[in-house]
Amino acid sequence: MNQTGYCGRLAPSPTGLLHLGHVRTFSVASERARAAGGRLRLRIEDLDPHRSKAAFARAAEDDLRWLGLAWDGEPWFQSARAAAYRGAWQQLMAAGLLYPCSCSRRDLEQSAGAPHRAADEPLYPGTCRQRWPRGTSAARAAIAHWLGAGPDGQNWRFRVPAGECLRWDDGGFGPQGYIAGQDFGDFAVWRRDGVASYQLAVVVDDAGMGVTEVVRGADLLLSTARQLLLYRALALPSPAWVHCPLVLDEQGERLAKRSDALSVQALRAGGLSAAEVLALARKGAGSGLVPLA
Ligand code: GLU
């Protein structure tokens with residue numbers, strides 16, 4: 001029973017097995033929801049039809065149950081949410097905040113300058129932004145045309161307000177500030193194959209699910225700055241944010257999907273109990289305790 005209005009979420013992507021990094025984040029999310037007397041929802045982020053596998057979604061649910069990390073209600077699937085994402089695209093489009101981008105991955109790699117310290121993707125050089133200057137009559141006519149035609153068949157980017165610092169007080173990392181156009185550039189909201197981007201989907205869903213606090217890994221700090229822009233543009237209330245330190249392997253690298261030796265399944269098969277896996281995740285895999293295969 002949710003008496004406080006708090007709502008958190010667990011949001012695994014079914015593109016691989018859950019590993020200790022997920023366990024750390026999800027156990028913090030679970031603890032915070034319980035301490036707040038609130039709800040915790042499960043969202044399967046199966047946005048990308050090419051990379052998502054139903055078997056990984058089932059494995060994630062099974063691992064969470066085994067770990068004792070319970071969620072409230074039915075799981076929510078991003079694959080069923082295309083209409084809501086399209087509605088958000090239309091809203092952003094009507095506000096003149098999007099432009100079609102025909103740059104290939106190759107173009108972006110070639111034009112990329114030295115990556116910024118905090119950057120998780122090369123800063124977009126603005127090639128297509130310049131082709132669609134805001135507010136001109138040609139741009140307005142183009143918007144009217146695309147609103148009728150819909151988003152598919154083009155990549156779409158969000159025009160960030162260059163120079164603005166996006167700030168929030170993070171429950172894990174303290175005061176944060178990232179400058180649009182410098183720490184991160186115009187980012188993708190829609191893919192030409194008809195799929196919303198992670199940034200757009202996660203904002204539409206967190207708002208749609210009534211999430212009041214997002215607990216997730218520190219690799220998404222910069223994405224929070226992008227998402228704050230989307231909350232504002234879509235006139236949605238922003239949740240509170242708690243980012244958790246990443247679990248590193250013994251080489252000091254962050255765990256990735258390929259770190260299967262540190263997957264919950266491998267640790268279970270190796271004979272560890274749920275309590276031991278939770279303790280290991282909270283401590284960090286770099287402790288040397290992890291039985292590397
Ligand atoms: N689905 C993402 C992941 O598995 C998490 C996204 C988020 O928490 O916003 O890393």
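Numbering of ligands and ligand atoms starts at 1, following listing order.
- For the pair R157 and Y124, the distance from NZ or CZ to the six-membered ring centre is under 6.0 Å and the angle to the ring normal is within 45 degrees.
- Counting heavy atoms under 4.0 Å from ligand 1, residue V214 does not touch it at all.
- Here's the thing with R43: none of its N/O atoms is less than 3.5 angstrom from an N/O atom of ligand 1.
- Counting the atoms of ligand 1 from 1 in the order shown, those under 4.0 Å from a heavy atom of R9 are 7 (C), 8 (O), 9 (O).
- Shown in contact with R216 at under 4.0 Å from a heavy atom are these atoms of ligand 1, numbered in order with element: 7 (C), 8 (O), 9 (O).
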CA sep, side-chain torsions, deciding dist, call: S238, R232, side chain to side chain donor-acceptor pair (under 3.5 Å): CA-CA 8 Å; S238 147; R232 186 168 77 194; over 6 Å; no
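- Close contacts of ligand 1 with V202, meaning ligand atoms under 4.0 Å from a residue heavy atom, involve 9 (O).
- Under 3.5 Å, the side chains of D152 and W190 contain a donor-acceptor pair of N or O atoms.
- When hydrophobic clusters are built by joining Ile, Leu, Val, Met, Phe, Trp and Tyr residues whose side-chain heavy atoms come closer than 4.5 Å, directly or via intermediates, I179 is not grouped with V160.
- Of all non-hydrogen atoms in C128 and C101, the two that sit nearest each other are SG-CA, 3.7 Å.
- Numbered from 1 in the order shown, with element, the atoms of ligand 1 that lie under 4.0 Å from a heavy atom of A11 read 1 (N), 2 (C), 3 (C), 4 (O), 5 (C).
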